[in-house]
There are 2 protein chains.
Amino acid sequence: MNEITTPRRATVHDVARAAGVSLATVDRVLNNRPGVRPTTARKVADAVTSLGFQRDLSASLLARARDLQVRFLIPAGSNEFMDSLADAASRRIESALIERLQIAITRLPLLDARALVDSLDVLMPHQCDCAVIVGTEEPAVLASVEEATRRGVMVMTLVSDLPGSSRRHFIGIDNVAAGRTAASLMGRFCPQGGKIALVAGSMHLHDHHDRLEGFRAVAAEYPGLELLEPLEGHDEHQETQALVEQLLARHSDLGGIYNLGAGTTGLLAALRRTRRTGSLRVIAHELSDCSRAGLADGSIDVVLDQNPDGEIGAALAAVRTLALGAGTLENNEPIEIRIFLRDNLG
Amino acid sequence: MNEITTPRRATVHDVARAAGVSLATVDRVLNNRPGVRPTTARKVADAVTSLGFQRDLSASLLARARDLQVRFLIPAGSNEFMDSLADAASRRIESALIERLQIAITRLPLLDARALVDSLDVLMPHQCDCAVIVGTEEPAVLASVEEATRRGVMVMTLVSDLPGSSRRHFIGIDNVAAGRTAASLMGRFCPQGGKIALVAGSMHLHDHHDRLEGFRAVAAEYPGLELLEPLEGHDEHQETQALVEQLLARHSDLGGIYNLGAGTTGLLAALRRTRRTGSLRVIAHELSDCSRAGLADGSIDVVLDQNPDGEIGAALAAVRTLALGAGTLENNEPIEIRIFLRDNLG
DNA sequence: GCCGTCATGAGGCACGTACCTCAAATTTGA
DNA sequence: TCAAATTTGAGGTACGTGCCTCATGACGGC
């Protein structure tokens, strides 16, 4: 009958006593206020670590008498996934408020760096503690992120990272692993081998590129699989539908389709017309009304989902931690890829 | 450029003003203290709903000057999954402390109702706000849960539910859906059909029973699949290993194995000896060192996992919500089943 | 030795809620 | 109708931290 319990917590008073300084000095050190000699600051820091002091988040937020302000900058447009991200964020407005987090959401023109920069540049520390952005890797965006950080507005990246920038944190899935997983399933689905079609949005999108790379790497382990050249539907429903119809007409012996982009609506429309049940395995990305329907009626076998609710939740948790605590985030594991079949849709 | 922002929060002072009563009375109503006329209580309740008042958790916990005490009662023994549950709980001790949640863990003899009852009966409200138990459905356990609730100790069930009891919440996966998912994958893995073996711990375990039921229902949709009678390895490694070795010897044409129990170590040992790569698809439950290794070396194709970390996190969140707020938990969605292949292990 | 600058201490108020006491107002029962 | 019981109000202190002011001490250069 093993037994584990938790220790007691230290307060700022304990730290002051242990360091042999006053409360005011401890406060100055903890909140990087000026006017403390390095020697004294060190004494306080030592006391903090030796006591294992952790700031009480509740009391801290209470004392500030001010909520943490988080602003999401999310692309709009025909992209269903971005909609579900925004929906996930707005669903959490109420529950986040209980934890003293105020959420604001701005929808921006799709893939418009200028609009993103403009929205980011006007955010000031007194009205926004953290901006969470889905940004493209362009010089103007990077410069804007640096400037926001300099002003005192923390920036986090969502879905698509900006490595090398001063963004404090990235929230998103491992897209190479997603592609690998899709190939691993497809390989097992087609033990006799067969032709596999690849449908992407655009090879210029970093996440699509990663997925393709992962898929190709693992598909190579299944010698029976023959990968066709990837099609680019630019995440447009009609374009994707036309491409897939053409594809199905040309290859009567197709074994499977991996749709690594966002054009699932168009794909489904094409499949519904020329349905070849049984022989055709379909793997797509992102759970939506459309892909749910596809799973339910059997036209899609598997959906890989990057869990927008989980991403928003992770973002909010990171804001809480970073806005008050130390500089780094220990729990830096990426968002998990969710795998859905008809039978675990819930 | 759409725009969404959050409203402001009401405090107890606002409620008192709106209801036309004093702070003391509001306090009495909010914390069900005696000495309030029903008419007055109703006025306060109306003000609460009309203002959308929500108690400030931070301030509430701060004022109590006392952490929430949660005690996990988890079986010990050879069951790896229970170990990982306990590990997940102890990993959260530190981070939970920041949120004023004190975690205590008691490991109990496996499937010993007497030990569980004894541990539950000694928990008093002043030292334990909530007990989270993995309990079997036996009269003595049920009685003990009722008694704890009566004393003022909240009880939540984990992994295995006690429906009809006064437990405030259940945290676990939908095991029928897990079985269905396994069958759905197996059916796609074996497009030519084939013999499928089922390995369980015991049919008396509710979760194993549910998984089998789900698997059978969906497997029936794949006419080529021939299900063998389920074997019972009692979650013991050696017994399972012996059973599987015998099984493999008898059926040289076996197409797949679904291990819906906890004896994965034994299964793996048997597979490693008589390995038939390529033709044999294996689906197992619960991610562990052992099943990870199986995924990595290809002896297991898919692992369905009930995400112990997620379950512990959900339990803690539920405690926070229930211990302070209203009677019910809105966010009552079950834990998601995680699906792992070699390629999304992370 | 005087002034200016910097480092530190001492203390207080605030945040929103919990919980306590005591007095005043109201209702209840006989 | 009066006393007892119940309900309500008023106000305080506390929780741990943030942020503010003011006083004191230490140090430098002139």
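Convention: sequence-line order gives letters A, B, ...; per-chain numbering from 1. Heavy atoms only: backbone and side chains are in, while hydrogens, waters and symmetry mates are out.
Spacing between atom CG of Asn32(A) and atom C1' of dC19(D) amounts to 14 Å, rounded to whole angstrom units. In this entry the distance linking CG of Asn31(A) with P of dT17(D) reads 11 Å, nearest Å. Asp67(B) has its CG atom 15 Å from the P atom of dA18(C), to the nearest Å. Rounded to a whole Å, the CG atom of Asp56(B) is 14 Å from the C1' atom of dA14(C). If you measure from atom CZ of Arg64(A) to atom P of dG16(C), you get 15 Å, rounded to the nearest angstrom. Between Asp14(B) atom CG and dT17(C) atom C1' there is a gap of 13 Å when expressed in whole angstrom units. The separation between Gln54(B) atom CD and dT17(C) atom C1' is 15 Å, rounded to whole Å. Straight-line distance from the CG atom of Asp129(A) to the P atom of dG18(D): 14 Å, rounded to whole Å.
Residues satisfying the side-chain contact (heavy atoms from CB on, under 4.5 Å) criterion with Ser160(B), sequence neighbours excluded, are absent altogether. In terms of the side chain to side chain donor-acceptor pair (under 3.5 Å) criterion, Glu311(B) has no residue partners (sequence neighbours excluded). In terms of the side chain to side chain donor-acceptor pair (under 3.5 Å) criterion, residue partners of Glu147(A) (sequence neighbours excluded) are, by chain and number, Arg150(A). Residues satisfying the side-chain contact (heavy atoms from CB on, under 4.5 Å) criterion with Asp309(A), sequence neighbours excluded, are Ala88(A), Arg91(A), Asn307(A). Residues satisfying the salt bridge (charged side-chain N to carboxylate O under 4.0 Å, His left out) criterion with Arg42(B), sequence neighbours excluded, are absent altogether. In this structure Arg37(A) satisfies the side chain to side chain donor-acceptor pair (under 3.5 Å) test with no other residue, sequence neighbours excluded. Applying the side-chain contact (heavy atoms from CB on, under 4.5 Å) rule to Asp27(B) yields the partners Asn31(B), Arg33(B); only residues at least two apart in sequence or on another chain are considered. Residues forming a side chain to side chain donor-acceptor pair (under 3.5 Å) with Glu138(B) (at least two apart in sequence, or on another chain): Thr136(B).
Contact annotation: Arg33(A) reaches the phosphate of dC19(D) (side-chain N/O to OP1 or OP2, under 4.0 Å). For the OP1/OP2 pair of dG18(D) and a distance below 4.0 Å, the side-chain nitrogens and oxygens of Arg55(A) include at least one atom meeting the criterion.
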Could you run through nucleotides 7-12 of chain D and give me one letter per nucleotide, 5' to 3': B if any protein heavy atom sits under 4.0 Å from the base, S if only the sugar-phosphate is that close, - if neither? SBBB--
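When the options Val48(A), Val36(A), Val12(A) are evaluated for a side chain to side chain contact (heavy atoms under 4.5 Å, CB included) with Val26(A), the one that passes is Val12(A). Here the rule is side chain to side chain contact (heavy atoms under 4.5 Å, CB included) with Arg168(B), and of Thr149(B), Thr157(B), Val319(B), Leu322(B) only Leu322(B) fits it.
Nearest nucleotide to the side chain of Leu62(B), out of dT17(D), dT17(C), dG16(C): dG16(C). Comparing dG16(D), dG18(D), dA18(C) by their closest approach to the side chain of Asp27(A) singles out dG18(D).
Counting only residues at least two apart or on different chains, no side-chain hydrogen bond (donor to acceptor under 3.5 Å, both in side chains) pair has a member in residues 43-53 of chain A.
Within residues 43-53 of chain B, the residues approached by DNA chain C to less than 4.0 Å at the level of any non-hydrogen atom are Phe53(B), in residue-number order.
Between the axis at the start and the axis at the end of the helix from dC2(C)-dG29(D) to dA30(C)-dT1(D) there is an angle of 30°, using five pairs per end and rounding to 10 degrees.
For the pair Leu162(A) and Ile133(A), the minimum side-chain heavy-atom distance is below 4.5 Å.
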